[in-house]
Amino acid sequence: MYIWIDGTGEGLRCKTRTLDFEPKSIDDLPEWNFDGSSTHQSESSNSDMYLIPAVMFRDPFRKDPNKLVLCEVLKYNRKPAETNLRRSCKRIMRMVENHQPWFGMEQEYTILGTDGHPFGWPSNGFPGPQGPYYCGVGADKAYGRDIVEAHYRACLYAGVQICGTNAEVMPAQWEFQVGPCEGINMGDHLWVARFILHRVCEDFGVVVSFDPKPISGNWNGAGCHTNFSTKEMREEGGLRIIEESIERLAKRHMYHIQAYDPKGGLDNARRLTGHHETSNIDEFSAGVANRSASIRIPRSVGHEKSGYFEDRRPSANCDPYMVTEALVRTCLLKEEGSEPTDYNK
Amino acid sequence: MATSASASLSKTIKQQYMELPQGDKVQAMYIWVDGTGEGLRCKTRTLDFEPKSIKELPEWNFDGSSTYQAEGSNSDMYLIPAAMFRDPFRKDPNKLVLCEVQKYNRKPAETNLRIKCSKVMEMVADQHPWFGMEQEYTILGTDGHPFGWPSNGFPGPQGPYYCGVGADKAYGRDIVEAHYRACLYAGVNICGTNAEVMPAQWEFQIGLCEGIDMGDHLWVARFILHRVCEDFGVVASFDPKPIPGNWNGAGCHTNFSTKEMREEDGLKAIEDAIEKLGKRHEYHIRAYDPKGGLDNARRLTGRHETSNIHEFSAGVANRGASIRIPRSVGQEKRGYFEDRRPSANCDPYSVTEALIRTCLLNEEGEEPTDY
C-alpha cells in the first residue's frame with residue numbers, strides 16, 4: 001500500500017499494488033504514479049504525478065508479508081510536489097548528521113463521530129467541564145479508548161516508533177508520542193502513525209481530527225509538542241547549548257510560527273491563545289517546567305544540566321518534516337531572519 | 001439504559017488489533033492517585049524489555065496542573081513506580097504499574113498517602129499485620145442512575161438482592177465476573193465477591209495482605225474495576241451513600257489481625273486493640289474517608305447495618321457496631337476483628353496506617369505521632 005500526502009499538506013492518500021515478491025528493503029520497491037488532479041495536486045491536462053517509495057513498514061491491517069510504503073511525490077517534471085516537504089527536510093538533516101539530532105513528537109488528536117461532533121459527547125450539548133479527563137479511566141472520563149489501544153498495537157506491529165499514549169484534557173481527545181527518532185525518521189514515523197490512526201478509526205466507524213482547535217471556548221486545543229536534542233545537548237553541560245538554541249529560536253519566532261502549521265500560522269492562531277496550557281502566538285517565551293511558554297525545559301533537564309527541550313508551538317496538523325527542518329535550520333545551521341537559507345546557491 | 005458510546009464500538013475489530021504481535025516491545029501503564037485522593041489516572045509508555053521487578057521500571061513524570069495537583073507554571077510531578085502487576089487488558093508481557101506521586105521538589109504529593117503508610121508498616125513488620133478489605137461499590141449508568149434501575153423510579157425495596165441470583169435480583173453480574181477474572185490474572189489478591197443489599201451494589205474482598213500490600217492491591221483492584229466498567233460502558237461509584245433514604249450505603253469494612261491476635265488466646269490482644277480504638281474514634285473517623293469524615297456522615301447513621309458516626313461501639317457478631325468481632329473468633333478466643341467504619345471511597349493506606357498507629361504503636365490523641 002503506497003501512501004502519500006495530498007495537495008492540502010494534511011490529507012493522506014493510499015492505493016495498493018500486488019508484487020510477486022516480498023520486498024526486503026525500500027530499494028526493492030518500484031516507482032509508481034497517480035492522478036494528481038484528484039488530490040488537489042495538479043491539473044487534469046497534465047496530471048500524472050510520481051510516487052517515489054521512501055520508507056517501508058509492516059502492514060498491521062493486512063499483516064505479513066504485506067507492506068505500507070510511505071512515498072515522496074514528484075510532479076510531472078520530476079520536481080518535488082508543493083506539499084512534498086520531505087525532500088528539503090532530508091537534505092537539511094544530511095547536513096547536520098554528525099550532530100545526531102533526536103526528536104520526539106507528541107501528537108494530540110480528537111475523535112469525532114461521522115457527524116463531526118466529538119465522540120461520546122451528548123448529541124446536542126457538552127460534557128462536564130475539563131478536569132477529570134486527563135489520563136482518566138472510566139466510561140464517564142475516557143471516550144474511545146478502544147481506538148487508542150488498537151492504534152498503539154498496530155504501530156508496534158508496523159515498526160513505528162510509538163513510545164506512549166495518554167488521554168488528554170478534553171474528553172474524546174487523546175495523545176500518542178512517537179520517538180526518539182533521528183533526523184528524517186521523525187517525519188516518516190509520524191506520518192505513518194497518522195495514517196494508521198486514520199485507518200483504525202475508519203474500521204471503528206469514527207473520524208480522527210488533527211484540527212488544532214476543534215471546539216472553541218473553554219476546551220483545549222490540539223498540538224504536536226516537539227522534543228529536540230543534539231548529541232551536544234545530551235552530554236554533560238549540554239544545558240548551555242540548549243539555552244543558546246532557545247536564544248536563537250527567540251529571534252526567529254515568526255519564521256517558526258509559519259512553519260508550524262499548514263496554513264502559515266492561521267490554524268495555530270485559533271489555538272495559541274495563552275490559555276489552556278498554550279503560549280500566546282504573538283510572543284515568544286521559555287521556562288523550566290512552564291507549560292504556558294513557547295519552549296519548556298523539563299524540570300529534570302534543569303536539574304541534570306543536560307538533555308532536551310520541548311517546543312510547544314507546533315499544531316496538531318503540522319507537517320513534521322517542516323517542523324523538524326525549522327528546528328535544525330535555526331538551532332544547528334544558525335540561520336536568522338524570516339526566510340530559510342537556500343543552500344543550493 | 002445509559003451506557004457509553006465507547007461500549008458500542010466493535011469489540012471484534014478491537015480484538016483483531018489486540019492479537020497483533022508486539023515483538024520485543026512492552027507496554028507499561030503507570031497508574032496514580034490524583035489530587036482528589038479518590039480519582040485514578042493512567043498513561044502508558046513503551047519499554048524495550050519486559051521488567052521482571054519493580055526496580056527495573058524507570059521514574060516518569062506528568063502534568064500535575066491537569067489532575068488537581070499543581071499550578072500550570074510549575075506543574076511537573078514525578079511518578080515513582082511502587083508495585084507491578086500483569087495487565088489483564090493488554091495481557092502479557094504488558095504491565096500495570098502503581099506509582100507514588102512526588103511534587104516538583106521531590107516531597108510527597110498531598111494525596112500520596114502511601115509513603116507514610118509504608119514507613120509505619122516497616123516499624124511494625126515483626127508483628128505481621130494482616131488485612132482484608134471488603135470493597136463495596138455501586139454500578140451506575142452514564143446518566144448517574146444506578147444500573148438496571150427504572151429510569152425514572154426505584155426497584156422494589158431491599159430484601160431479595162443480597163447474594164441474589166436472577167435478572168430481577170442481580171444487576172450487572174457480567175462486570176463482577178470480568179473484574180474477578182481480571183484481578184486473578186493481574187495477581188491482585190482478590191478473595192471473594194457477593195451481590196450486596198441494594199440492587200446494582202456489589203462487593204469484592206481483597207486479602208490476605210500484609211502491611212503495605214493491602215493498599216497497593218486495593219488501589220489496583222479499584223483501577224481494574226473502573227477499566228472493566230469502562231469497557232462495558234457503565235461507571236463504578238465508590239460514593240458511600242449513592243442513594244439517600246432507605247437504601248444501603250457502601251463501605252469498606254477492614255479486617256485486621258497481628259501474629260499475636262492469631263495465636264492462642266489472641267482474643268486478649270484483640271480486646272486491647274479495641275480499647276485503644278475506643279479512645280481514638282475521632283482520629284479514625286477523619287482517616288476513614290477522603291473528606292475527613294464528611295462523606296461517612298451521610299452513611300454512618302446507625303441504620304442499614306452501620307454504627308452511628310458519633311459513637312464508638314464494639315460487639316461480637318454485631319453489625320450495628322463500629323467494630324465487629326466475628327462469632328468464630330469469640331468462640332476460638334483468637335483471630336481477627338472487623339472495623340466497619342471505613343467508607344467505600346476511603347484511602348486504604350490511610351485506613352491501614354491508622355489501625356497500626358493506634359493498635360500497635362499505642363498512639364493516643366487527635367494527631368498522628370511524627371516519628
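Below, chains carry the letters A, B, ... as their sequence lines are ordered, and counting in each starts from 1.
In this structure, D140(A) contributes its side chain and T142(B) its backbone to no donor-acceptor pair below 3.5 Å. At distances below 3.5 Å, not a single donor-acceptor pair connects side-chain atoms of E230(B) with backbone N or O atoms of A139(A).
Between chain A and the options Q22(B), K25(B), Q27(B), K43(B), heavy-atom pairs under 4.5 Å are most frequent for Q27(B). For the options G136(A), G120(A), P60(A), G131(A), heavy-atom pairs under 4.5 Å to chain B are most numerous at G131(A). Chosen from A5(B), S66(B), S4(B), G233(B), the residue pairing most often with chain A at heavy-atom distances under 4.5 Å is S66(B). For the set F61(A), W121(A), F119(A), Y143(A), the entry with the most heavy-atom pairs within less than 4.5 Å of chain B is F119(A). Of the residues considered (V137(A), V169(A), L156(A)), V137(A) shows the highest number of contacts with chain B, using heavy-atom pairs under 4.5 Å. The choice from R296(A), Q130(A), H303(A) that makes the most heavy-atom pairs within less than 4.5 Å of chain B is R296(A). Ranked by heavy-atom pairs under 4.5 Å with chain A, the list R90(B), R45(B), Q16(B) is led by R90(B). Options I147(A), T165(A), I162(A), V200(A) differ in how many heavy-atom pairs under 4.5 Å they form with chain B, and the most are formed by T165(A).
Atom OH of Y134(A) and atom CZ of F62(B) lie 7.5 Å apart (nearest 0.5 Å). Rounding to the nearest 0.5 angstrom, the gap separating the SG atom in C135(A) from the CH2 atom in W32(B) is 3.5 Å. In this structure, the separation between CZ on R299(A) and CG on N105(B) is 8.5 Å, given to the nearest 0.5 Å. The CD1 atom of I111(A) sits 7.5 Å away from the OG atom of S6(B) when rounded to the nearest 0.5 Å. Going from atom CG of N166(A) over to atom OH of Y30(B) covers 14.0 Å, rounded to the nearest 0.5 Å.
Salt-bridge check for K14(B) with E149(A): failed, with every basic side-chain N at 4.0 Å or more from each acidic carboxylate O. Note on D231(B) versus R145(A): no salt bridge recorded, every NZ/NE/NH1/NH2 to OD/OE distance being 4.0 Å or above.
Between F204(A) and Y17(B), the ring planes lie parallel to each other; the angle is under 30°, not in the 30° to 60° tilted range.
A 4.5 Å side-chain heavy-atom check between R291(A) and D63(B) finds at least one atom pair inside the cut-off.
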Intermediate values then yes/no, side-chain contact (heavy atoms from CB on, under 4.5 Å), L9(B) and V206(A): CA-CA 9 Å; L9(B) 291 173; V206(A) 295; 4.3 Å; yes
Could you go step by step and tell me if Y152(A) and T46(B) meet the side chain to side chain donor-acceptor pair (under 3.5 Å) rule? CA-CA 10 Å; Y152(A) 204 152; T46(B) 310; 2.7 Å; yes
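Heavy atoms only, all atoms of each residue included: S65(B) and E277(A) are closest at OG-OE2, 3.7 Å.
Of the two parts of Y68(B), only the side chain, counted from C-beta on, holds a non-hydrogen atom closer than 4.5 Å to a non-hydrogen atom of chain A.
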